[in-house]
Amino acid sequence: MPVKIGVLALQGAVDRHARALAAAGAEPLAVRTAAALADVDALVLPGGESTTMSMLLESSGLFEAVAERLATGMPALGTCAGMILLGREIIGGRADQRSFGVLDISVRRNAFGRQRDSFETDLAVIGLGPDDGSTLRAVFIRAPVVERVGPDVEVLASVDGDPVLVRQGAVLAAAFHPELGDDLRIHQTFVRSSAERSA
Ligand code: GLN
C-alpha cells in the first residue's frame, strides 16, 4: 500500500506536488477539509501566498485540524509559502497571519530582494540519501529568507549563508520549489520518511 500524502489544496501550487509525489511512489490526495486530512499519513504545504493560505486555513476550519495532526507527529513538507506556514516566527507578515510554529525558524517573507526576486541556482544539499553531495537545481519565486534556526533544526542546504532547506524531526521545509523541475529527491526523501513513520 503506498503511503497517502495530502497536498493542502486551498491555494497555490498543488498539481505539481501531486505529480511529484505520485512519481516518488506515494498516493497523493488533495486536502481541503478536516475529513480529507484525517485520511492522510503526511501533508505537503505548497507554495503560493502564505497570507491567503492562513486566511483560508482559518475560514475552512482546517487550521486547528492541521495543528492537531502536526502536534502528534504527522510528517510535513512545506515549500516556500508552506515553509512560512510551518515556521515559529514570521517577519514581514500580515498582522493577522498565523503559522503552525512546528519548525523553530524565524522566516522573513519576500526577502531575497528585488534583484533576486525569482531565480534558479544549483544547491549543494546534504541529507537526501545516496546522492549526498551532488547538486540540486532549485527554483526560487519570491522566496522567504530564514533568518534564524533553532538548535533542533538541521540545515540541509543554503544560498549565500541563508538556510533554504531545513529539517526538524518529521518536518522538512524548502524556501524554493522542489515540485518544479525534474529532480525528485526531496519528494522521494519525504515519501520514504513518511512511509517509515506511518509503518
Ligand atoms: N511570497 C509568498 C508568501 O509570502 C511565498 C511565495 C511562494 O510560495 N512562491 O507567502
Side-chain angles (χ1 to χ4, degrees), residues 5-21 28 30-32 42-60 62-63 66-67 70 76-123 125 136-149 153 155-160 162-168 171-187 190:
I5 301 197
V7 183
L8 185 66
L10 300 174
Q11 190 258 345
V14 175
D15 289 355
R16 297 292 291 259
H17 271 297
R19 262 191 272 166
L21 290 167
V31 169
R32 292 186 189 85
L43 185 67
V44 173
L45 295 88
E49 273 304 324
S50 57
T51 50
T52 308
M53 275 191 237
S54 170
M55 278 185 333
L56 294 173
L57 277 162
E58 294 217 68
S59 61
S60 65
L62 258 180
F63 192 94
V66 171
L70 289 171
L77 167 63
T79 62
C80 203
M83 173 192 245
I84 297 170
L85 286 172
L86 291 169
R88 180 149 303 163
E89 184 191 10
I90 304 174
I91 304 161
R94 273 175 51 138
D96 59 353
Q97 179 170 3
R98 293 180 70 191
S99 70
F100 294 111
V102 291
L103 181 60
D104 187 13
I105 60 172
S106 301
V107 63
R108 184 181 293 278
R109 294 182 60 225
N110 304 333
F112 272 96
R114 196 169 295 166
Q115 273 167 359
R116 292 206 296 160
D117 198 34
S118 297
F119 61 98
E120 283 188 46
T121 190
D122 290 316
L123 295 178
V125 172
L136 183 119
R137 190 84 187 148
V139 178
F140 290 78
I141 305 169
R142 300 182 66 227
V145 167
V146 175
E147 296 198 345
R148 180 195 64 85
V149 295
V153 177
V155 176
L156 307 183
S158 302
V159 170
D160 298 340
D162 293 319
V164 295
L165 181 63
V166 294
R167 180 163 60 198
Q168 182 173 0
V171 177
L172 182 64
F176 54 92
H177 285 263
E179 78 283 10
L180 302 177
D182 46 21
D183 193 327
L184 286 177
R185 278 178 289 161
I186 289 180
H187 288 86
F190 183 63

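Every number for a ligand or one of its atoms is a count from 1 in the order of the listing.
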Legend entry - Check: T79 N/O within less than 3.5 Å of ligand 1 N/O: no

Legend entry - NZ/NE/NH1/NH2 to OD/OE distance under 4.0 Å, R137 and D183: no

Legend entry - Top protein contact for atom 10 (O) of ligand 1, by heavy-atom distance: S50 N, 2.5 Å

Inset, instruction - Find all atoms of ligand 1 within a distance of less than 4.0 Å from any non-hydrogen atom belonging to N110, and give their numbers and elements. - result: 1 (N), 2 (C), 4 (O)

Legend entry - Residue that, paired with E120, satisfies side chain to side chain contact (heavy atoms under 4.5 Å, CB included) out of I141, V139, L180: V139

Legend entry - Ring geometry between F100 and F63 (parallel below 30°, tilted from 30 to 60°, perpendicular above 60°): parallel

Inset, instruction - Compute the shortest N/O to N/O distance between T51 and ligand 1 and return yes if it is under 3.5 Å, no if not. - result: no

Legend entry - Contact (N/O only, under 3.5 Å) between G47 and ligand 1: no

Legend entry - Main-chain N/O of L85 paired with S50 side-chain donor or acceptor, under 3.5 Å: no

Legend entry - Sidechain-backbone polar pair: S106 side chain, E147 backbone, donor-acceptor under 3.5 Å: no

Legend entry - Those atoms of ligand 1 less than 4.0 Å from some heavy atom in C80: 5 (C), 6 (C), 7 (C), 8 (O), 9 (N)

Inset, instruction - Pull out every atom of ligand 1 sitting under 4.0 Å from any heavy atom of I84, numbered as shown with elements. - result: 3 (C), 4 (O), 10 (O)

Inset, instruction - Considering the heavy atoms of G48, write down every atom of ligand 1 situated less than 4.0 Å from one of them. - result: 2 (C), 5 (C), 6 (C), 7 (C), 8 (O), 10 (O)

Legend entry - Side chain, backbone, both or neither: the part of H177 lying under 4.0 Å from ligand 1 by heavy atom: side chain

Inset, instruction - Ignoring angles and geometry beyond distance, decide whether A81 reaches within less than 3.5 Å of ligand 1 through its nitrogen or oxygen atoms. - result: yes

Legend entry - Any side-chain heavy-atom pair of S54 and S99 under 4.5 Å: no

Inset, instruction - If you have a sec, work out which protein heavy atom is nearest atom 4 (O) of ligand 1 and how many Å separate them, to one decimal? - result: R109 NE, 2.6 Å

Inset, instruction - Please state whether the rings of H17 and H187 are parallel, tilted or perpendicular, taking 30° and 60° as the class boundaries. - result: tilted

Legend entry - Check ion pair E49-R109 (N to O, under 4.0 angstrom): yes

